Amino acid sequence: MGAIVKVRNVKLGDGMPKICIPVTDTNLDDLKKSVNLIRNTPFDLIEWRADFYTGMEDPEVRIKAMTLFRNALGNIPVLFTIRTSVEGGMMEIDTEAYTKTILAVIDSGLIDLVDVELSRGEETMKTIVAAAHRVGVKVVASRHDFTATPDKNIIISNLCLMQSLGADIVKFAVMPQCERDVLTLLDATLTMKEEHSDTPVITMSMSPTGVISRICGQLVGSCVTFGTAGKASAPGQIPANLLSTFLQTLA
Ligand SMILES: O=C1C[C@@](O)(C(=O)O)C[C@@H](O)[C@@H]1O
């Protein structure tokens, strides 16, 4: 069996892929509505895509949002993500401000997992990993290619690099240009499961062409799949309740 990372009561890497709902609201009122909507949806964890949120640079604004999640969702793990524009997200932010914000969020005690983009550099990754581990927060190291699907060996070497930098979970999202690209991503994921299972892995092939990759994680070894309860945060995400049916059918 591969590595399992336990976050609260959720075991990532064990059994069926876990459903993560990304929350992409821009303000507290909409966030409250989303949290209510999510309650009626099958899911295991949420991702707060803070790069969508107006004023998230202000610690007080962030704390209000994160406290809302914690109070409303109880023991559900919360993943904090700033997806920068370099990796297909909404926020332009320099590495110093990126690091400072993430370190403050880790120290808030209000989140369970934090996304760290590999493109911010190896030193940034190591600094954040060390700080996160000091307080028991898990790091999801991530890489995104919104234009293409790299070769299998490049996908694998990036995932292995993130493992070697101390991440607890490693993630790669790619864009397929053709059907075969989806197979490339699945093949790379399966090789990670067979040969580099030091950490759980998350992969996805985005866009409608790649939807199969969001439901077959148990087969190839992708431990989390992102599904919607409202707005999508990336192309190809499907509603979480549909995702749940597919996952159970394929288990
Ligand atoms: O990295 C990922 C994966 C993702 O890009 C997807 O394609 O589901 C969605 C993002 O919100 C998340 O941070």
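Computed from a predicted model, the values in this text were never measured in an experiment. Every number for a ligand or one of its atoms is a count from 1 in the order of the listing. Computation of the quantities below employed the complete heavy-atom set of this structure, encompassing side-chain atoms and omitting hydrogens, waters and symmetry-equivalent molecules.
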Which residue in the set L243, T225, L242 passes side-chain contact (heavy atoms from CB on, under 4.5 Å) when paired with I215?
L243
For residues 69-81, which residue pairs qualify under salt bridge (Lys or Arg N to Asp or Glu O under 4.0 Å), counting only residues two or more places apart or in two chains?
R70-D112
Would you give me the side-chain donor-acceptor pairs under 3.5 Å for residues 122-129, sequence neighbours excluded?
unit_1, atom_1, unit_2, atom_2, d
T124, OG1, R120, O, 2.9
T127, OG1, E123, O, 2.8

Output yes when E117 and R83 qualify as a salt bridge under the 4.0 Å nitrogen-oxygen rule, no when they do not.
yes
I'd like the residue list for ligand 1, meaning every protein residue with a non-hydrogen atom under 4.0 Å from the ligand.
E47, R49, R83, H144, K171, M204, M206, R214, F226, S233, A234, Q237
Which pairs with one or both residues in residues 214-239 pass salt bridge (Lys or Arg N to Asp or Glu O under 4.0 Å), sequence neighbours excluded?
D25-K231
Take atom CD of E179 as the centre, draw a 6.0 Å sphere, and report whether it contains more than 12 heavy atoms from other residues, nucleotides or ligands.
no
